[in-house]
Amino acid sequence: MSASHPAPRASRVAGEAAQPRPSLVGLDVTGMRAAAATRGADGLAIAGLTPLSSCDWPGKLVATAFLQGCPWRCTYCHNSAILDPRTPGVVPWQDVRSLLAKRHGLLDGLVFSGGEPTRQPGLVEAAREVREAGFGVGLHTGGAYPSALARVLPHVDWVGLDVKAPARLYDAITRRGGAAPAFASLRLVLHAGVDVQVRTTVDPTVLDAAAVAELGAELAAIGVRDHVLQEVRRDGTTSEYRASLDALTTRT
Ligand code: SF4
């Protein structure tokens, strides 16, 4: 196990997503992670890079790197190609370095998005590198790995944290549980004093107005001051999910 992995099974936060089983379909995923860990930022599996975005970090002009792999399977996910942690990255970290080197004075920062970026061991070094290069560091996360989040937070200037639902409805959205680590991650970020925007994508097939209000009250009680509700996007979601959205509209 490499030093930058989340802590061994015993010390993970209750419900924190377990790392992929050692050999899925014959691939030694733990070995792949250990190898990636030794390569630091160059070991990042990057599924895509947006050279300019004005929406991924509100009020900032940024580039966004989409990191491969996610432990959850949200109903409304429109990024199925990015979920499998065994899929290799297609953008070398060196390309991100080169882009930033040409964008001094033009970009305010780089956002690490995903998938779930905190599952990648090289994130800490990559975040440190971006900040040392004179750019701000933004992070999009669902909070599935509080231990890994705690390690990268000292190198992050802004967090866009997805809180999907009230804890009792988390599994209905992620289909992998995750409420405990998500709320543990929220408390970590609030405690760290890092600038944070909490976003909730309102899945109408799971969340009604009462559930959204319940979540709002839960978040306010924890100390959240910036909570944004987002509508689900149909494009890129599964046909089953779109059918469930259509069924809703015919019912109402
Ligand atoms: S956490 Fe994000 S990337 Fe992962 S399944 Fe949910 S919506 Fe998709």
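When a ligand or atom number is given, it counts from 1 through the structure's own listing order.
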Task: For atom 2 (Fe) of ligand 1, the option (of K164, R73, R176) bearing the nearest heavy atom - done: K164
Open item on the list: So, 2.8 Å as the limit: is an N/O/S atom of H78 located closer than that to atom 8 (Fe) of ligand 1?
Closed with: no
Task: Close-contact set for ligand 1 against G115 heavy atoms, below 4.0 Å - done: 3 (S)
Open item on the list: Quick one, F112 and V152 - any side-chain contact, counting heavy atoms below 4.5 Å?
Closed with: no
Task: L83: numbered ligand 1 atoms lying under 4.0 Å from its heavy atoms - done: 3 (S), 4 (Fe), 5 (S), 8 (Fe)
Open item on the list: Applying side-chain contact (heavy atoms from CB on, under 4.5 Å) to L149 and L139, what does each step give before you reach the verdict?
Closed with: CA-CA 10 Å; L149 178 61; L139 176 68; 3.6 Å; yes
- [ ] Note the single closest protein heavy atom to atom 6 (Fe) of ligand 1, along with its residue, its atom name and the distance in Å.
- [x] C74 SG, 2.4 Å
Open item on the list: Nearest non-hydrogen contact with atom 8 (Fe) of ligand 1 belongs to which option: C77, S80, A144, P71?
Closed with: C77
Open item on the list: Using every non-hydrogen atom in the two residues, find where A41 and E125 come nearest and quote the distance to one decimal.
Closed with: N-OE2, 3.6 Å
- [ ] Work out which heavy atom in L44 is nearest to a heavy atom in G122; give both atom names and the distance.
- [x] CD2-C, 3.7 Å
TODO: Measure the spacing between CG of D95 and CD1 of I46 and express it to the nearest 0.5 Å.
DONE: 8.0 Å
Open item on the list: Using salt bridge (charged side-chain N to carboxylate O under 4.0 Å, His left out), reason through D42 and R97 one step at a time and then give a plain yes or no.
Closed with: CA-CA 10 Å; D42 290 302; R97 282 194 191 105; 3.1 Å; yes
- [ ] Look at C70 and state whether any of its N, O or S atoms is less than 2.8 Å from atom 6 (Fe) of ligand 1.
- [x] no
